Amino acid sequence: MEFPDVVALAVPFFILLVLMEIIAWKATGRGRFETRDAAASLVMGLGNQIAPLFGGAALMSAVWTSVYEYRLFEIPNTWWAVALCFVLDDFRYYWLHRISHERRYFWASHVVHHSSQHYNLTTALRQTWTGDIMAGLLFKTPLVFIGFHPAMLVFAFGLNLIYQFWIHTEFIKRMGPFETLFNTPSHHRVHHATNPKYLDANYAGVFIVWDKMFGTFVPEDDAEKPRYGIVKNLGSFNPLVIAFNEWFGIIKDVASARSLREVAGYVLGPPGWSPDGSRMTSAKLKERWALVHADAGGAPSPVSSPAE
Amino acid sequence: MTGNLILDAGISLVGIMVIVGVTYALGAFRSASVTATAAADRLCFDEPDFRVGEWLIGADGKAAAAISADGGETALVFAVGDGLATRRFRRGAVGLEKDAAAIRFLLREPSRRAVRLAAGDEKAAERWLSRLAGPRL
């Protein structure tokens, strides 16, 4: 069985659909686009395709070729094996994605995808340059060890990525019974939102059932519009800053660490961990939000606005 | 193989240029205006426990700063494209310098970004700088 490079084949359709969404935005006023944001997202997407050529693809190929030699099962290249591979890969995706939000080492790559304050089809293409090497290899290789041929896996990864493209839109509201089983624009808007009630939810790639099974599912609340981005939004559209900002943050923090415990906390703790607890993790953000809203006078207001 | 890579990269590059061009032509190259309302809304969302004592709203609508009610902290809200970003500092923990009729916040981040808070005139900039840098209000 031959496995085509589905992502390369999909690129012209990505471009066409982005253009259609832009025109629909202009015609209806729904959704939101900004030129520099879109350009940054697209450059990140291009970089994601090119980055493996700097050694990552060769390393992955070498590791997978070696591991495949010691595979547990002989899995034939048949349609049912592809279907099984697709489902298991989506399960693998759920856990990699979840840890990518819960541990800073993994977040340093994945934060790229969340760094836009917009939610449109260009956001889908805002992808990490470091994720495959720093995390993907670890989470994908077990599927090779089980016995799925690397070419089949690359095909399944591609299908998963293509599925996730179209869910990055504000144009599609709800999708009825389809939402029970599958990840949809509504579910994924929640995932990209920084509203405290939406933080750390809906990690699914294709099948939303993983979130429902493991307690991370949060439905979109019509009364609370998602606000996209990260809890400390970047002040730059520079692709290098987008790609490496969090890695620099880790290096800086590790350099200032006073013990191995602090090093471990900065690298493997949740994003926002600090030895003295002065920074905000997701859990603390949720706690703070609850506390402030329990206290009616807690929210800030423009007490004075002296445009002197 | 190499030919395919070049072709794929070429298609992507052309696509990027077309999309960026279309967004620009359709008026998507926009900057947010940091008004008192917009700054308060963003700060309320990002730092809900920050109790504002005083706002300094930039005259050019590109940034605003808030000094906390207890005088111990400063929050900065600034435009990033058509969105806003927030930073919160303990007083004295951020580099500040006067730049003619504005204050520059020197963010200690990989972007090395300096956020300019336009005060309107030099005298106002001096007053704002002393308020922002001073130990307490």
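Note that the structure is predicted; figures quoted are calculated from it, not measured. Below, each value reflects all heavy atoms present in this structure, side chains not excepted, and no hydrogens, waters or symmetry copies.
For A:Thr35 (side chain) and B:Phe29 (main-chain N/O), a donor-acceptor pair under 3.5 Å exists by modelled atom type. At distances below 3.5 Å, at least one donor-acceptor pair connects side-chain atoms of A:Glu34 with backbone N or O atoms of B:Arg30.
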> Can you list the steps and then say if A:Arg227 with B:Asp41 is a salt bridge (Lys or Arg N to Asp or Glu O under 4.0 Å)?
Replying inline: CA-CA 12 Å; A:Arg227 293 175 71 147; B:Asp41 174 65; 3.1 Å; yes
>> Show, in sequence, the C-alpha distance, side-chain angles and deciding distance for B:Asp8 and A:Val11, and conclude whether the side-chain contact (heavy atoms from CB on, under 4.5 Å) test is met.
In response: CA-CA 8 Å; B:Asp8 293 345; A:Val11 166; over 6 Å; no
>> Determine whether B:Val18 and A:Ile15 satisfy the following criterion, side-chain contact (heavy atoms from CB on, under 4.5 Å), listing intermediate values before the conclusion.
In response: CA-CA 9 Å; B:Val18 170; A:Ile15 296 166; 5.6 Å; no
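Shown here for B:Pro110 and A:Phe248, the closest heavy-atom pair between the two residues is CG-CB, 3.6 Å.
Residue B:Arg112: no heavy atom, backbone or side chain, is found under 4.5 Å from chain A. Contact annotation for A:Lys26: only side-chain heavy atoms (C-beta onward) come within less than 4.5 Å of a heavy atom of chain B. Contact of B:Ser31 with chain A is made through backbone and side chain together, with heavy-atom distances under 4.5 Å. Residue B:Arg90: no heavy atom, backbone or side chain, is found under 4.5 Å from chain A. With a threshold of 4.5 angstrom between heavy atoms, B:Leu107 does not approach chain A through any atom at all.
If you run side-chain contact (heavy atoms from CB on, under 4.5 Å) between B:Thr23 and each of A:Asp37, A:Ile22, A:Thr122, only A:Ile22 comes through.
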